[in-house]
2 protein chains.
Amino acid sequence: MIEKKLKQQKQEQDQTEEKNNIFQVAKLSGVSIATVSRVMSGKAYVSPELTNRVKKAAVTLDYHPNRSASSLRKRVSKTIGVIISDIENPFFTSVIRGIETILYDSGYSLFFCNSDEDPKREKTHLSNLRAEDVAGIIWTPTKYNNEFCKNLVESGIQLVAIDRSPGMDHMDSVTVNNRKGAFEATSHLAQLGYQRIGLISGPKQTSTSIERLEGFKEAMLYHNLVLDQKLIIYSDFRQTGGYRAMQTLLELELPPKAVMVSNNLMTLGALQAIHECNLKIPDQIAIVGFDDMPWATSLQPSLTAIAQPAFDIGTTAAQLLLERLKDPTRSYRQVVLDTKLMVRTSCGSKKNLVIKSIIET
Amino acid sequence: MIEKKLKQQKQEQDQTEEKNNIFQVAKLSGVSIATVSRVMSGKAYVSPELTNRVKKAAVTLDYHPNRSASSLRKRVSKTIGVIISDIENPFFTSVIRGIETILYDSGYSLFFCNSDEDPKREKTHLSNLRAEDVAGIIWTPTKYNNEFCKNLVESGIQLVAIDRSPGMDHMDSVTVNNRKGAFEATSHLAQLGYQRIGLISGPKQTSTSIERLEGFKEAMLYHNLVLDQKLIIYSDFRQTGGYRAMQTLLELELPPKAVMVSNNLMTLGALQAIHECNLKIPDQIAIVGFDDMPWATSLQPSLTAIAQPAFDIGTTAAQLLLERLKDPTRSYRQVVLDTKLMVRTSCGSKKNLVIKSIIET
DNA sequence: TTGAAAGCGCTAACAC
DNA sequence: GTGTTAGCGCTTTCAA
């Protein structure tokens with residue numbers, strides 16, 4: 001009793017202070033802090049009369065409920081963690097925007113982490129997010145750290161994997177049909193009459209990269225084309241890697257007449273290497289990229305590419321997470337979105353090829 | 001006393017539960033929670049013996065201090081808010097990476113918000129961040145909402161403005177010497193012999209855009225070139241805007257022979273318009289962009305551009321904030337970083353121009 | 001419908 | 001050097 005009085009006196013003294021808390025609002029509106037809480041959260045009925053008084057007081061005092069206190073008490077926070085493997089890749093950037101859009105509308109905040117493809121950093125981030133008591137995490141797994149993830153899931157944090165398949169069942173995921181996309185891109189080249197088709201692939205272990213490679217191989221087989229291992233270069237999904245890979249291909253005795261590049265950044269590097277050799281696209285070498293990018297239409301010639309629904313990946317992942325937060329018992333879902341081939345001019349057209357072969361004979 | 005006992009008993013029951021707290025660790029290592037706290041934060045001396053026991057227990061229990069509780073108690077969080085105006089712009093993406101790099105090393109987490117250049121969203125984000133009790137905020141101001149910022153600063157949250165000058169003194173800021181950069185880019189064109197030089201400018205109100213316009217005008221004056229208002233198009237810093245602006249320029253009776261574009265996205269649009277008209281760069285039109293981008297070297301011809309130290313802007317802003325957090329009384333700093341002209345081939349060279357004029361005469 | 005009161009997990013002032 | 005204890009601001013029983 002007495003303690004309580006003291007507490008309130010203290011609060012009163014602090015009224016002129018900068019930070020307003022629930023006590024100030026309660027005092028100003030002449031109700032208990034419980035009522036203030038109820039009004040602010042809108043989760044219980046409070047008479048219009050009191051509701052009004054509280055709201056007015058809240059505005060007057062510029063009161064914003066303290067989130068730390070709230071999540072400490074509720075043991076759940078209105079915060080979602082996001083771990084991206086490469087923030088400088090426009091693909092992930094669109095994904096983030098998708099996530100942010102949905103989360104913003106639902107009143108969630110977003111903790112952002114960049115793993116830089118480094119499993120150590122990834123783990124640190126995962127730990128931090130857990131300490132931060134986030135409600136859930138959306139991430140691009142760099143590798144499938146099973147035990148650690150299970151730990152997280154058991155501690156009540158929901159996980160959604162994006163871009164790369166998580167390699168486990170107890171998790172929602174949003175990925176893209178990489179195999180089909182790569183198949184379509186390669187088929188596009190085959191249908192235009194190209195036979196010596198090269199591939200600049202990503203890292204051998206990454207799931208996206210493996211699936212794209214499979215799609216490529218399947219398409220080659222499907223179109224009865226020779227699969228020359230020399231024309232498949234494994235690289236690192238980075239610009240410099242794509243540059244070196246393309247150089248390697250061009251230095252071959254029999255370089256490819258067309259090439260598919262397994263992600264956007266490597267495409268940039270490949271393009272650079274092609275230009276440095278003064279090769280004409282598509283006449284001397286055709287190129288199709290995985291990931292459509294803003295600059296694809298600004299290139300000369302414009303770049304034919306497999307478009308991934310990056311923004312949708314983000315929104316879908318966010319929605320999946322929100323749904324799971326509402327109903328944690330829901331069965332896990334693996335959403336696979338479709339890619340789309342954007343035909344532009346970097347692969348030429350059938351007509352050109354036919355004409356060329358006539359001229360050449 | 002009795003209460004305490006009950007509490008500890010409760011804790012004991014929960015031991016098998018998923019979430020471990022400071023009590024579990026204290027119990028397992030046979031010390032008080034205060035000692036555990038001291039060991040975890042490393043802020044006070046604890047004997048090696050106990051330190052060890054606590055650390056071992058923490059590992060065993062997979063204990064992670066709860067951040068909400070910590071920041072509630074300390075009334076400061078180890079969290080920094082970041083509000084970016086356009087996450088899909090690679091420039092900001094590099095800035096974020098810079099920020100993240102520094103903050104990660106200092107054990108801070110990063111709350112991310114995307115304002116989409118929308119002042120309303122910006123304000124919501126600012127409110128949320130304040131409720132979240134972040135230690136500080138790094139942001140790109142969409143407009144200078146003076147009273148609101150003052151409010152924030154008064155409530156103890158430190159602000160650092162980036163990219164755009166905040167238009168007020170009571171704030172740290174990191175910007176770029178836009179005027180000088182634009183001057184150099186324009187001078188580069190002038191020195192190569194171009195006379196009819198156009199400008200695709202950003203929004204009339206944005207500080208970056210204004211400063212770049214000024215630099216452009218100064219350079220024109222400096223090189224005794226005619227400033228034709230028809231050659232200055234105000235646009236919106238977006239790709240489609242740049243596209244339309246370039247179209248407008250090209251439809252002029254006397255289109256410019258060279259053009260400077262005031263940001264990266266608009267450059268992309270301008271390039272697209274140029275290609276659609278089948279104009280040769282740089283022979284028929286030279287182009288220099290503001291913001292150097294990964295794709296600049298992959299273009300044919302490669303793009304001459306003003307490089308902004310985006311990553312450094314991020315690291316500098318983060319450091320500024322960290323320093324202020326240590327010493328809130330420090331005087332405010334306005335850091336202005338330099339740009340750098342990256343000369344490539346989209347503006348041709350003097351030799352070419354001379355040869356051309358000889359041929360044409 | 002509203003209020004009183006008990007903590008959420010942690011830190012820091014104070015004891016010893 | 002280590003332990004005890006009082007809250008940080010909030011939500012949520014439980015009573016009234």
Side-chain angles (χ1 to χ4, degrees), chain A residues 1-11 14 17 19-27 29-51 53-54 58 61 63-78 130-133 156, chain B residues 1-8 10-11 14 17 19-27 29-54 58 61 63-78 130-133 156:
Chain A
M1 283 286 198
I2 294 164
E3 280 171 20
K4 191 59 199 298
K5 278 271 158 60
L6 282 171
K7 190 170 181 180
Q8 270 181 344
Q9 269 187 16
K10 213 171 167 192
Q11 296 293 346
D14 290 347
E17 274 281 283
K19 272 190 185 167
N20 297 306
N21 63 19
I22 200 167
F23 280 94
Q24 266 90 313
V25 181
K27 213 199 97 201
S29 47
V31 299
S32 74
I33 57 164
T35 301
V36 175
S37 175
R38 286 193 266 256
V39 171
M40 294 311 286
S41 70
K43 276 189 178 171
Y45 184 81
V46 177
S47 70
E49 155 75 8
L50 291 193
T51 304
R53 263 162 45 199
V54 170
L61 294 176
Y63 167 68
H64 302 261
N66 180 307
R67 283 221 192 197
S68 298
S70 166
S71 55
L72 173 58
R73 177 60 232 243
K74 286 195 295 187
R75 313 191 44 77
V76 235
S77 67
K78 277 284 230 179
R130 171 232 275 262
E132 209 77 57
D133 236 340
Chain B
M1 281 287 197
I2 294 164
E3 281 171 19
K4 191 61 198 298
K5 278 270 156 63
L6 283 171
K7 190 170 180 181
Q8 269 182 344
K10 212 170 166 194
Q11 296 293 346
D14 291 347
E17 274 281 284
K19 272 191 186 167
N20 298 305
N21 62 21
I22 200 167
F23 280 93
Q24 266 90 312
V25 181
K27 215 199 95 198
S29 47
V31 299
S32 75
I33 58 163
T35 300
V36 176
S37 176
R38 286 193 266 257
V39 171
M40 295 310 288
S41 69
K43 277 190 177 172
Y45 183 82
V46 178
S47 72
E49 155 75 8
L50 292 193
T51 303
N52 241 315
R53 273 178 18 215
V54 169
L61 296 176
Y63 167 68
H64 301 262
N66 181 306
R67 282 221 193 197
S68 298
S70 165
S71 54
L72 173 59
R73 178 59 234 242
K74 285 195 295 187
R75 314 191 43 77
V76 233
S77 67
K78 277 286 231 179
R130 170 232 277 262
E132 209 77 57
D133 236 340

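Chain A is the first sequence line, chain B the second, and so forth, proteins listed ahead of strands; every chain is numbered from 1. This is a predicted model, so every value here is computed, not measured.
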What protein N or O atoms touch nucleotides 11-14 of chain C N or O atoms at under 3.5 angstrom, if any, and at what distances?
from, atom 1, to, atom 2, distance (Å)
dT11(C), OP2, S37(B), OG, 2.6
dT11(C), O2, R73(B), NH1, 2.3

Requested in this report: Apply the test side-chain contact (heavy atoms from CB on, under 4.5 Å) to residues V31(A) and V54(A): give CA-CA distance (whole Å), side-chain angles for both, the deciding distance (0.1 Å), then the verdict.
Outcome: CA-CA 8 Å; V31(A) 299; V54(A) 170; 3.8 Å; yes

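- The nearest whole Å value for the distance from the CG atom in L50(B) to the P atom in dG1(D) is 12 Å.
- Residues passing the side chain to side chain contact (heavy atoms under 4.5 Å, CB included) test with I22(A), sequence neighbours excluded: I33(A), V36(A), S37(A), Y63(A).
- Rounded to whole angstrom, the span from the CG atom of D133(B) across to the P atom of dC8(D) amounts to 14 Å.
- To the nearest angstrom, P of dT13(D) lies 14 Å from CZ of R75(A).
- Taking R53(B) as the reference, E49(B) meet the salt bridge (Lys or Arg N to Asp or Glu O under 4.0 Å) condition, with sequence neighbours excluded.
- Residues D133(A) and N66(B) bring a donor and an acceptor atom of their side chains to less than 3.5 Å of each other.
- For residues 63-72 of chain B, the pairs satisfying salt bridge (Lys or Arg N to Asp or Glu O under 4.0 Å) are E132(A)-R67(B), with sequence neighbours left out.
- Applying side chain to side chain donor-acceptor pair (under 3.5 Å) to S68(A) and the options S68(B), S70(B), S71(B) leaves one that passes, S71(B).
- If one axis is set at each end of the helix from dT1(C)-dA16(D) to dC16(C)-dG1(D) from five pairs, those axes are 40° apart, to 10°.
- Between S32(B) and dT2(D) there is no side-chain N or O to OP1 or OP2 distance below 4.0 Å.
- Separating the CD atom of Q24(B) from the P atom of dG9(C) is a distance of 8 Å, rounded to the nearest angstrom.
- The side chain of S47(A) places an N or O atom within less than 4.0 Å of a non-bridging phosphate oxygen (OP1 or OP2) of dT2(C).
- Considering only residues two or more places apart in sequence or on other chains, S32(A) meets the side chain to side chain contact (heavy atoms under 4.5 Å, CB included) condition with A34(A), T35(A).
- One distance of note links NZ of K27(A) with CG of N20(A); it measures 11.0 Å at 0.5 Å rounding.
- In this structure, K27(B) places its NZ atom 21 Å from P of dT2(D), rounding to the nearest Å.
- Atom-to-atom, CZ of R67(B) to C1' of dC8(D) comes out at 17 Å; the value is rounded to the nearest Å.
- In this structure, the CG atom of L72(A) is 10 Å from the C1' atom of dT11(D), given to the nearest Å.
- We find that CG of N20(B) is positioned 11 Å from P of dG9(C), with the value rounded to whole Å.
- Residue N66(B) places none of its side-chain N or O atoms closer than 4.0 Å to OP1 or OP2 of dG9(C).
- Here the straight-line distance linking atom OG1 of T51(A) with atom OH of Y45(A) works out to 7.0 Å at 0.5 Å rounding.
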